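Every value quoted in this text rests on a predicted model; they were computed, and no experiment measured them.
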Amino acid sequence: MKKQLKTLVIAAFLFVVGNQTINAQAKTAHVDVSDIMAKMPAMIEAQKQLEKLSGTYDTEYKTMVEEYQNKLKKYDQEATTVTEAVNDTRSKEVQDMQKRIVDYRDNAQKELQQKESDIVKPIMDKVKASIQKVGKAKGYQYVLNSEGLLLADGPNLTVDVKKDLGF
């Protein structure tokens, strides 16, 4: 009787532990989000838009800096031939130009970052939704971004997500 009770207790223990182990082994897969984003047509188009906008800002910034440098050079050359009042006025004008250039650069950077966020967020949301859809359809509880993983020998869903997104 003791032997049967002991066997029953051991069997019950193994059943509980085994069941918890099975439940703890969730199905996981990985996906390369960077690869998807880099090759996604919508993201490629977004990058082109951002590069164009950045180029426009750069051109305007360079024009402002060039104008500033030319004016500074001219004023330096004429400094000894004009009155102190004119030099003071010119000094203030140069300082104002310098401030406008710095303000323009800062505003351009902020606008570019905001535009990037506005463009990329919907694309990233679409990728995330696709990853969730593919992961659930294939029965995975967790899908990890393979970037930064030290070991990724489980299923890779990158190709399936790309297919779901249409490229």
First locate atom CD1 of Ile123, then atom CD of Glu45, and finally report the distance between them rounded to the nearest 0.5 Å.
9.5 Å

Look up atom OG in Ser54 and atom CD in Gln109, then write down how far apart they are to the nearest 0.5 Å.
9.5 Å

Are side-chain heavy atoms of Val127 and Met43 found at a separation under 4.5 Å?
no

Any salt bridge (Lys or Arg N to Asp or Glu O under 4.0 Å) pairs touching residues 56-75, not counting sequence neighbours?
Lys71-Glu93

Shortest non-hydrogen contact from Val33 to Asn145?
N-OD1, 3.4 Å

Measuring from Gln47:CD to Glu51:CD, what's the distance to the nearest 0.5 Å?
6.0 Å

Take atom NZ of Lys27 as the centre, draw a 6.0 Å sphere, and report whether it contains more than 12 heavy atoms from other residues, nucleotides or ligands.
yes

Between Asp125 and Lys121, does the salt bridge (charged side-chain N to carboxylate O under 4.0 Å, His left out) criterion hold? Intermediate values first, please.
CA-CA 6 Å; Asp125 290 345; Lys121 185 181 180 332; 2.9 Å; yes

Do Arg105 and Val102 have side-chain heavy atoms sitting under 4.5 Å apart?
yes

Any side-chain donor paired with an acceptor under 3.5 Å for Ser130 and Asp164?
yes

Minimal heavy-atom distance between Pro122 and Ile119, with the atoms involved, is CD-O, 3.3 Å

Step through the shown structure and confirm whether more than 12 heavy atoms of other residues, nucleotides or ligands are within 6.0 Å of CZ on Phe167.
yes

Picking from Val134, Asp160, Ile36, what satisfies side-chain contact (heavy atoms from CB on, under 4.5 Å) with Val31?
Ile36

Once you measure the plane-to-plane angle for Tyr104 and Tyr61, does it fall in the parallel (<30°), tilted (30-60°) or perpendicular (>60°) bin?
parallel

Flag side-chain contact, heavy atom, 4.5 Å: Arg100 against Met97:
yes

Mind checking the CG-CG spacing from Leu144 to Asn156? Nearest 0.5 Å is all I need.
11.5 Å

Donor-acceptor pair, Ser91 side chain versus Asn87 backbone, under 3.5 Å?
no

Indicate, with yes or no, if Val65 and Leu72 share a hydrophobic cluster defined by side-chain heavy-atom contacts under 4.5 Å among Ile, Leu, Val, Met, Phe, Trp and Tyr.
yes

Distance in Å, Gln113 CD paired with Leu50 CG, rounded so as to fall on 0.5 Å steps
11.0 Å

Applying side chain to side chain contact (heavy atoms under 4.5 Å, CB included) to Pro155 and not counting sequence neighbours gives Ala29, Tyr140

Quick one, Leu112 and Leu53 - any side-chain contact, counting heavy atoms below 4.5 Å?
yes

Heavy-atom side-chain contact between Val120 and Met37 under 4.5 Å
yes

Got a donor-acceptor contact below 3.5 angstrom from the Ser146 side chain to the His30 backbone?
no

Distance in Å, Leu165 CG paired with Met40 CE, rounded so as to fall on 0.5 Å steps
4.5 Å

